[in-house]
Every structure is written in C-alpha cells, then in structure tokens.
Amino acid sequence: MSPARAAERAELASRYDPSGLEGALYEAWKEAGAFHAHVDALEDPYVIVIPPPNVTAELHMGHGLNNTIQDVLIRWRRMQGLGALYLPGTDHAGIATQNVVERHLAAEGETRFDLGRDAFVERVWEWVRKYEKRILHQLEVIGCSCDWERTRFTLDEGLSRAVREVFVRLYEKGLVYRGRYIINWCPRCRTALSNEEAEHREHAGKLYHIRYPLADDSGRFLEVATTRPETMLGDTGLAVHPDDERYAEFVGQEAILPLVGRTLPIVADVYVDPEFGSGVVKVTPAHDPNDFEIGQRHDLETVDAMTDAAEMSEVVPQAYRGLDRFDARARVLVDLERENLLVRVEDHPHSVGHCYRCDTVVEPRLSLQWFVKMQPLAEPALAAYREGKLRFHPERYGRVYANWMENIRDWCISRQLWWGHRIPVWYCKADECGEMIVARDDPEVCPACGGPIEQDTDVLDTWFSSWLWPFSTLGWPDQTEELARFYPGDTLVTADEILFFWVARMVMAGYEFMDDVPFTDVLLNGTVRDHLGRRMSKSLGNGIDPMEVVERYGADAMRFTLIRGAPLGTDLHLNHEDLDKAFRPGRNFANKIWNAARFALPRLEGVDVTEDMTFSDELADRWIRSRLRRTETAVTEALEGFRLHEVAELCHGFVWGEFCDWYLELVKARLEGAGGEESRRGAAHTLAHVMLAWLELLHPIMPFITDAIASRVPGAPDSFSIVNGPWPDSHADWEDPEAEEAMGELQELIGAVRALRAEYGVDQRAEIVARVRAHTNRLEDVLATEVDNVRRLAGVESIEALEGAAEDEPGAHAVLRSGTELFVPLRGVIDLDREGERIRREVERVSDLLARTRAKLANEGFLANAPKEVLDREKDKERSLAEQHDRLEEKYRALRSGT
RNA sequence: GGGCGAAUAGCUCAGCCUGGUUUAGAGCGCCUGCCUUACAAGCAGGAGGUCGGGGGUUCGAAUCCCUCUUCGCCCACCA
C-alpha cells in the first residue's frame with residue numbers, strides 16, 4: 001500500500017477533519033493514474049476542456065463554481081464507464097499578464113520601454129514560470145480530476161504553431177486582412193481592442209451645442225451638437241441630411257472650424273438624423289466610426305488630433321498640444337465660451353466604452369490593424385445552432401448567440417503589446433520593394449528582392465489562441481491520435497460573460513479548421529456575487545478565497561455549497577463577511593455523512609462488498625432499497641439534464657432525511673442483534689449496499705469524503721476506490737410502492753404520536769395510552785415486523801409497559817427516541833377523518849363533472865355539430881376526469897378501510 | 001433603440017417548460033425543549049407565504065395567455 005493510501009485509510013477520527021484526508025487522497029488518485037484518459041481506450045470518450053485561467057491568476061470563486069461543475073460532470077461520466085478527459089491548462093492572457101508585470105516594474109520605477117522588448121518578454125516569462133504551477137495546484141486542492149499529463153499553455157510551442165498555421169491559412173483564404181479603420185483604443189494599455197473588449201456603460205454626459213460660422217462672411221452660423229467637444233480639433237467637415245430643407249442651401253458650401261480656423265465642407269449624408277440636436281453633425285473621421293464612414297463617402301480629410309496616449313497631438317493649435325483629452329475638453333469649452341460660440345449645454349446620458357482590462361475610457365481611433373473577416377466563419381456556426389447540433393443551457397443563451405452571429409462584425413486581432421503570439425508577417429525594408437511576407441516559418445530575407453526584412457511588431461489578441469483550444473490542445477495541426485479520439489468534445493462549461501469572446505469563436509474555429517462543432521452542449525454558469533448582489537472583485541475587496549474555504553470547511557463542503565446554490569444560469573450569492581453562513585451547511589452535511597459512516601461501518605460484520613449480498617424482506621430494508629432506487633433514477637436524470645443543483649438536493653434529502661433519520665434509526669436494534677442473527681445480517685447487507693450506492697451518487701459532488709468512506713467498507717481491498725465507478729444502478733424491481741406506503745404510514749403515525757405527546761405532556765400518559773389502545777389492531781397489521789423487533793428489544797408486551805420502561809430501561813429509551821415508538825395516533829385518526837371528508841367532497845365534485853361531460857358526449861346533437869377540437873377536448877376531459885375519479889375513490893377506500 | 005431575464009417564507013433560492021400527489025418546499029435565520037453511546041457541526045417540535053398587482057383561459061393556475069409595476073442583464077455607431 002502506498003504511504004498516501006495508508007494515511008488516507010487511517011482510522012476514522014472521532015471528528016470530521018477534511019484537511020486530514022483530502023490532500024492525501026488526491027495524491028493517491030494521482031498515483032493510481034485515475035484521471036488519465038488513454039488514447040487507445042475502448043470506451044466512448046467524454047471530453048471537457050477547461051476554460052484556461054490566466055496563467056498568473058489565483059483561483060477565485062468564479063473558477064471554483066465553474067470548475068466544480070466541470071468536475072462533477074467528468075467524474076459522473078467516468079464512473080459510468082466513459083473514457084473521460086478533463087483537459088487542463090492556462091492562458092497567457094496578453095493584456096492582463098502584461099499589465100501585472102508592468103505594474104511591478106512601475107513599483108521599481110521602470111517601464112517596459114526602459115527594459116526593451118526582449119528583456120521585458122523575458123521578464124514576463126520569469127513571472128509566468130514562477131506562478132504557472134500555482135493555479136493548477138489550486139485546481140487539485142478543490143478536487144478537479146484533470147488529466148495532468150495533458151496540461152497545455154496557450155503560448156507553448158505546439159499551440160503557438162497552431163496559432164501561426166491558423167493566421168496563415170486565413171490570410172491565404174482572404175479572411176485575414178490589414179486595413180486602416182476606426183478601432184477601440186485603450187490609451188492606458190496603448191493597444192487596439194476588439195469590439196467585445198470595449199465594455200459600454202451608461203454615463204451621465206452632456207450635449208454641447210456649438211456654433212460654427214459659415215465661410216461666406218455672411219455672419220451666419222450652423223449649430224452642431226456634440227458630446228465630445230475636444231474632438232472638434234479634428235473636424236474636417238459638417239454634414240446634414242440630404243432631405244433636410246432647413247439646410248439644403250448650405251450643402252456644398254463651407255464653414256469655419258472655431259478655435260482652429262480650418263474650412264469645413266458641408267456635405268449631405270443619410271446617416272444624419274434631422275430629428276436629433278440641430279440636425280447638423282460635425283464630422284471627425286479620425287475619432288468616430290460613423291464620421292469615418294461619412295468621411296470616406298465624401299472624401300473628407302482625416303485629422304488625427306490625438307496621440308496613442310490620448311493627449312492632443314501636434315496637428316492641433318499650440319494651446320492644446322499635449323493636453324490630456326479631458327483637460328482639452330475643458331479648455332475647448334472655456335475658449336468657445338469666451339468667443340461666444342457655446343450656445344447651450346444639456347444633460348445627455350450616453351454609453352461610453354471602457355477597456356475590459358483596466359477600465360480606462362476607450363478612444364475610437366483610426367489606425368492600421370489586422371482583422372479577421374467573420375461573416376463566412378459565422379455561417380456554419382450559426383447553422384450548427386439552428387440545426388440543433390449545438391445546444392445551450394439555459395436555452396435562452398442560444399438566442400443571444402444567434403443574435404450575435406447574425407450581426408457579426410470583423411474582429412480586430414492585432415494588439416500593440418509585447419506579450420503574446422507575434423504576428424507572422426514580415427515587411428521588406430528595401431525602399432522600392434514593399435513586399436509583405438505572411439509565413440509559417442520565419443523568413444531570413446525578402447523572397448522578392450533578397451533585401452532585409454522586419455517582422456510586424458504587434459502581437460495577436462489573446463483570444464486568437466483561445467478560440468483554437470478544443471483542438472490545438474490535442475496536437476492540431478498535426479493529425480494526432482488524440483485529435484482523432486477526443487475531438488469533437490462534449491460539454492463546455494463557462495460563464496456567460498465570455499459567450500462571444502470565447503464560446504462563439506470556438507464554434508467558428510471548430511468548423512473552419514476541423515469541420516465539426518467543438519462540443520455539443522454549452523452550459524453557462526452564473527456569476528458569483530456577494531450578499532449585496534455585487535460581483536466579487538479584488539477592487540471591492542468582497543472576494544472569497546477558495547483556498548481559505550477549503551482550509552476551513554473542506555473542498556467537499558465548498559463544492560456541495562456551490563453546486564447546490566447555483567442552478568445553471570442563475571447567479572450565486574455568497575456572504576463574504578460571514579463565510580460560516582455560506583459554507584456551514586455544506587460542512588455540516590459532510591459531517592453528517594462522516595458520522596453516519598462512523599456508526600455504520602463497525603456494524604457491518606460479516607459483510608463483504610466484493611461478494612453478492614443477500615437482502616431481507618423486512619419493511620425497513622425494502623423501503624430504503626426502494627427509496628435508493630428512486631433516488632438513483634432521479635439523480636441520473638438530473639445529471640443528464642445538467643440540473644446539478646437538483647442532484648445535490650436529491651442526495652442531501654436522501655442521505656440525511658431518509659437514510660440517517662429513518663433507516664439507521666430503524667435498524668439500530670437489529671444491528672445489535674435484537675431481531676436475531678438473520679435479521680442482523682439482512683440489515684447489515686442492505687445497509688452496506690445502500691450506503692455504498694449513495695456514496696457513489698454523491699461522489700461527483702463530494703469526491704473526497706465519499707471515496708474515503710467507501711474504501712473503508714468491510715471487504716474493500718487496498719485499491720478499492722469509487723473514482724472509476726460503477727455508477728450505481730440497483731435492481732429495477734427494488735421499487736416497492738407497498739413498502740413506501742407502509743413506511744409512509746409509520747412515519748405519519750410516529751409524527752402524530754409525537755404531536756400528541758407534545759400536546760398532552762408526559763403527565764397525561766394514561767389518557768394517551770387509553771386512546772391509543774382502541775386502535776392498536778391497525779398498527780399491528782401494518783407494522784407487524786417492526787413491532788416484534790421492538791418488543792424483543794424492549795422486552796415488553798404492552799404499550800403501557802413500554803412507556804413505563806422508558807424511564808429506566810436504556811434499550812426501551814433508545815427505541816422511543818429512535819422513532820420506532822408504538823403509539824397509534826389519536827390525532828392521526830382525526831386527521832385521517834378530516835382528510836377522508838375532503839376527499840369525499842372531491843369525489844362528488846369530480847363525479848358530477850364526469851356525469852355532465854358524459855352526458856354531453858352522449859348527446860347526438862352535440863356529436864353531430866361540435867367542431868373537432870371541441871369534441872377532442874371533451875373526450876380528453878372525460879378521460880382525465882375518469883382517471884382522477886378512480887384515483888380519488890381508491891384513496892378514499894384505502895382511508896376508510898384503514899380507519 | 002432592440003433583445004433577454006427576474007419578482008414565491010425575514011434572507012438566498014427550488015418548484016413553472018409538460019396545470020391536478022404539495023396541505024406551496026429546502027437551506028440559513030428566528031422561537032421552544034433536549035448533551036439521548038454515529039452526529040449539539042446534532043435531535044424533537046414551532047412560528048412565518050393573498051406564490052409582485054390586475055385581468056383572462058380552465059372543472060381546476062405559483063404553473064398557460066395578456067397587461068401593469070419594480071428590479072437586473074446583454075446587445076446597439078444617433079452625434
């Protein structure tokens with residue numbers, strides 16, 4: 001036995017201590033190679049790729065939730081016997097990682113420019129090498145059963161080759177192009193961003209009305225409205241709607257740009273909305289996407305009034321040069337005011353884009369960038385959804401996905417960063433040549449003229465490697481065995497916020513390069529928020545560290561809490577100020593399981609889980625087996641429907657509310673020998689089987705404690721583990737409605753007795769007993785076996801004696817406490833009568849309706865004249881009413897005969 | 001401007017698609033009583049709900065339809 005295994009199999013401590021068993025158990029799993037997906041295995045594969053976390057990040061609760069969901073599905077499928085692959089890895093996270101390292105440099109008083117490109121990139125690699133193990137280890141701590149032999153990194157050699165291959169192929173197909181367009185620019189990160197990377201938020205802005213003098217010396221003005229007056233320094237025209245009669249006479253004339261003095265042509269363009277503002281738009285082609293297009297249509301100049309840091313550039317008048325854009329705005333307004341050109345200012349809420357990495361207000365900026373033409377890629381990805389090859393859970397996200405695909409825009413993929421995949425394009429430096437080389441392998445010299453060449457300085461958007469993840473991790477572009485076996489994958493689990501960034505693009509890449517969907521089901525988990533509904537974030541300081549939670553409550557408790565608390569697509573609220581409030585129920589449940597095992601395991605004498613077991617017919621045994629069977633079915637169905645919170649709920653209810661509360665209490669006496677050896681063996685066998693089965697059911701959610709207990713079941717060999725299944729599937733004929741009904745009555749009776757006792761108090765015992773006696777016969781019928789057991793144990797013949805014995809007889813006391821009390825419920829009888837009355841009235845009502853419906857259906861006139869739908873509806877109604885009637889009657893009869 | 005979602009116990013949420021086995025549930029919190037040989041991280045009980053308002057469909061509505069109110073979220077180039 002391995003040392004890890006030995007430690008893990010140490011005696012059951014008196015208290016549940018997750019920290020003592022989880023780490024050792026995970027090591028044992030790894031040693032046994034339990035999570036490796038063999039490429040030549042025979043079973044059908046089941047594949048989930050991890051959404052690769054940022055290589056230098058630490059695990060937060062969002063990961064905790066997301067990765068736990070993945071692990072639950074993987075562990076379940078693995079137990080079912082599928083070749084489950086949970087593929088782990090990390091993302092180089094271009095901007096995010098570069099920002100982190102830059103911040104550290106700044107603390108040392110340096111910038112990346114001081115270091116230079118090569119030294120800076122080396123610095124980032126150092127950082128990455130230092131931290132890459134951390135987040136992967138944290139995944140182990142929370143129990144993720146990843147195939148660590150297949151760990152990948154988006155910037156490793158193989159994936160970099162895939163990125164380059166994709167770029168070149170798309171370029172050759174004409175789907176990658178370079179062009180000068182307005183893109184979103186982050187002046188702090190000093191890079192272009194994609195549309196998705198600019199987050200738009202409502203902003204309490206102003207609308208400034210400014211007068212532009214006409215150039216004809218008439219002294220007349222045109223009034224324009226703008227939210228960003230500083231951009232007027234880059235104006236190169238004015239525009240009005242072609243049908244706007246108010247301004248028809250000005251089209252073709254010119255105006256003078258205040259503060260600058262440039263003459264601005266006045267053009268007519270349909271883009272202009274005559275209803276908005278004054279109906280005149282200032283055109284700033286270098287700073288607004290719409291203005292850019294107007295400029296193109298009317299051949300207007302472009303004047304780039306800002307630098308890459310969003311400071312006013314050399315082309316603006318001296319007074320504004322070098323000013324930050326917001327300072328420039330203030331200055332422009334002051335100057336306009338002074339010249340009496342500012343007509344008025346009104347409140348105007350509008351949305352402003354922010355950098356998704358640093359939250360700086362993005363600047364629409366004209367620049368030369370690389371783009372991917374998306375329309376052709378979107379078509380098969382959209383068709384896959386429409387044809388049902390790609391399903392979303394919850395379904396509504398499918399419509400969001402389709403909507404995005406239908407309105408797809410080209411993807412700006414170049415980033416002016418240093419950390420990432422360098423764009424595989426070279427430019428010839430020879431004066432007359434101008435050759436551009438796009439190549440899979442680095443060229444040495446210009447193939448056209450043999451002159452010196454220079455590589456494009458930009459890197460690719462981080463998502464340009466992420467979108468290849470489902471196949472680049474399997475060796476693509478090589479046609480590897482892994483690729484053949486594990487692509488396409490099955491289920492993708494991620495947060496809704498990266499639906500467009502990642503999920504949609506992966507589908508597109510899947511079709512473009514593998515000619516198939518990368519996965520068939522997409523699960524979107526919600527966001528983890530605090531108790532006030534705020535997203536957890538470092539800056540708010542409301543995050544919960546999963547490592548701290550694991551340390552205090554155990555990984556099982558955390559996983560259970562997350563799974564139970566977050567149905568798909570709904571946000572999870574956790575109180576960061578009071579971890580106990582959030583995680584105690586999970587920990588308590590684990591503790592309950594632990595204690596049930598502490599009780600049960602030593603009482604399983606003679607049981608050998610490796611051999612067939614014999615099961616008795618005693619009520620309690622039949623009942624718990626029936627309940628187990630139903631729970632198994634329900635849990636499996638819930639897993640198939642991705643309703644994991646339901647799985648948690650079902651297991652919790654069964655284990656605590658049925659197995660512990662009732663079954664264990666009912667068989668205590670028998671396990672001590674009160675019913676004889678045969679009864680003891682019967683109880684032990686059912687107990688062992690049922691407990692092992694629910695440990696298995698719960699294993700995907702709470703892997704540690706369940707496997708730890710299962711391996712201690714009598715007869716289990718050293719290597720025994722439930723990690724590889726089987727998935728519990730008891731005999732279908734264990735479903736036993738009779739036993740469940742009888743047990744239901746027992747529970748009802750006991751409940752009623754308890755209520756009675758509470759009401760009368762112990763002093764009125766004689767009164768209770770007298771009333772109870774009158775109904776003893778019924779109880780005997782229903783619970784003959786249990787009655788005998790209890791009598792044997794308590795050594796009493798009458799109920800009265802039992803009551804009396806309770807005081808001084810420990811055995812009897814235990815029985816009373818345990819819930820096998822033998823009182824016929826007076827209140828129960830009364831309640832049953834009341835119930836009977838209710839049902840009788842219901843029966844009358846239903847039969848009345850049934851009679852009327854039947855009369856209608858017997859009416860020839862109705863049959864002849866009624867439209868088909870009406871007729872069908874009536875027939876339907878008749879059928880359902882008849883069924884209902886029978887059900888009620890039977891229930892009523894059963895009640896009557898029982899009373 | 002489009003699209004989507006939510007509103008059920010003091011709090012966080014299930015249940016709704018496929019109407020009737022639910023007397024509308026769970027966990028937490030609250031109240032009462034218990035250290036009872038697996039478990040006080042527990043056990044036994046209890047209080048607390050006009051299922052957001054209104055209307056409709058139906059024999060029957062938390063569940064289906066319409067509408068209103070209040071909160072969220074996503075997308076979008078109206079300066």
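Lettering follows sequence order; numbering is per chain, from 1.
- Between A:Arg409 and the phosphate of B:C77, there is a side-chain N or O to OP1/OP2 separation shorter than 4.0 Å.
- B:C75 atom P lies 9 Å from atom CZ of A:Phe501, rounded to whole Å.
- Taking the P atom of each, B:G1 and B:C16 are spaced 35 Å apart, rounded to whole Å.
- Within the structure, a side-chain polar atom (N or O) of A:His348 is placed less than 4.0 Å from OP1 or OP2 of B:A79.
- Across the protein-nucleic acid pair, A:His652 atom NE2 and B:C13 atom P stand 19 Å apart, rounded to whole Å.
- A straight line from NE2 of A:His350 to P of B:A79 spans 7 Å, rounded to a whole angstrom.
- Between the CE atom of A:Met405 and the C1' atom of B:C75 there is a distance of 15 Å, rounded to whole Å.
- Remark: the separation of the P atoms in B:G52 and B:U8 is 6 Å, to the nearest Å.
- Across every strand in view, B:C71 sits in a pair with B:G5 that passes the Watson-Crick or G-U test at under 3.5 angstrom.
- Comparing B:A41, B:G15, B:A79 by their nearest atom to the side chain of A:Tyr271 picks out B:A79.
- Checking B:G27, B:C78, B:A38 against the side-chain heavy atoms of A:Cys660 singles out B:A38 as nearest.
- Rounded to whole Å, the P atom of B:U67 lies 27 Å from the corresponding atom of B:C13.
- With rounding to whole Å, A:Glu649 atom CD is found 11 Å from B:C28 atom P.
- Shown here, B:G45 forms a base pair with B:C31; the pair counts as Watson-Crick or G-U wobble because both key distances fall under 3.5 Å.
- Under 3.5 Å, the side chain of A:Lys592 and the base of B:C39 form at least one donor-acceptor pair of N or O atoms.
- Seen from the ring of A:Tyr663, A:Lys668 does not count as a face-on cation partner, given the 6.0 Å and 45° thresholds.
- Atom CG of A:Leu579 is separated from atom P of B:C28 by 17 Å (rounded to the nearest Å).
- Within 6.0 Å of the CD atom in A:Glu640, the count of heavy atoms belonging to other residues, nucleotides or ligands exceeds 12.
- The phosphate of B:G2 has neither OP1 nor OP2 within less than 4.0 Å of any side-chain N or O from A:Trp404.
- Looking at heavy atoms from C-beta onward, A:Asn290 lies out of side-chain contact with A:Phe292 at the 4.5 angstrom threshold.
- Going from atom CG of A:Leu671 over to atom P of B:A38 covers 11 Å, rounded to whole Å.
- If A:Asn591 and A:Arg584 are placed on RNA chain B by their nearest nucleotide, the residue sitting closer to the 5' end is A:Arg584.
- Within the 4.0 Å cut-off from OP1 or OP2 of B:G29, not a single side-chain nitrogen or oxygen of A:Lys581 is found.
- B:U57 and B:U63 have their P atoms separated by 15 Å, with the value rounded to a whole Å.
- Using a 4.0 Å heavy-atom cutoff across all strands shown, A:His200 reaches no nucleic acid atom at all.
- Toward the 5′ end of RNA chain B lies the nearest nucleotide of A:Arg396, the other residue of the pair A:Asn588 and A:Arg396 mapping further downstream.
- If you take atom C1' in B:C4 and the same atom in B:A47, they sit 39 Å apart, rounded to whole Å.
- A straight line from CG of A:Asp530 to P of B:C11 spans 16 Å, rounded to a whole angstrom.
- Note on A:Arg603: a side-chain N or O is less than 4.0 Å away from OP1 or OP2 of B:A38.
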**OP:** Check the pair A:Tyr271 / A:Asp291 against side chain to side chain donor-acceptor pair (under 3.5 Å), numbers first and verdict last.
**Re:** CA-CA 9 Å; A:Tyr271 163 75; A:Asp291 291 12; 5.4 Å; no

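- Using a 4.0 Å cut-off, no side-chain N or O of A:Arg399 falls inside it from OP1 or OP2 of B:C74.
- Here the options are A:Phe654, A:Trp694, A:Phe659, the test is side-chain contact (heavy atoms from CB on, under 4.5 Å), and the partner is A:Thr631; only A:Phe654 passes.
- Of the candidate nucleotides B:A79, B:G27, B:A38, B:A79 has the atom nearest to the side chain of A:Asp288.
- For the pair A:Leu342/A:Leu333, a side-chain contact is recorded, criterion being any heavy-atom separation below 4.5 Å from C-beta on.
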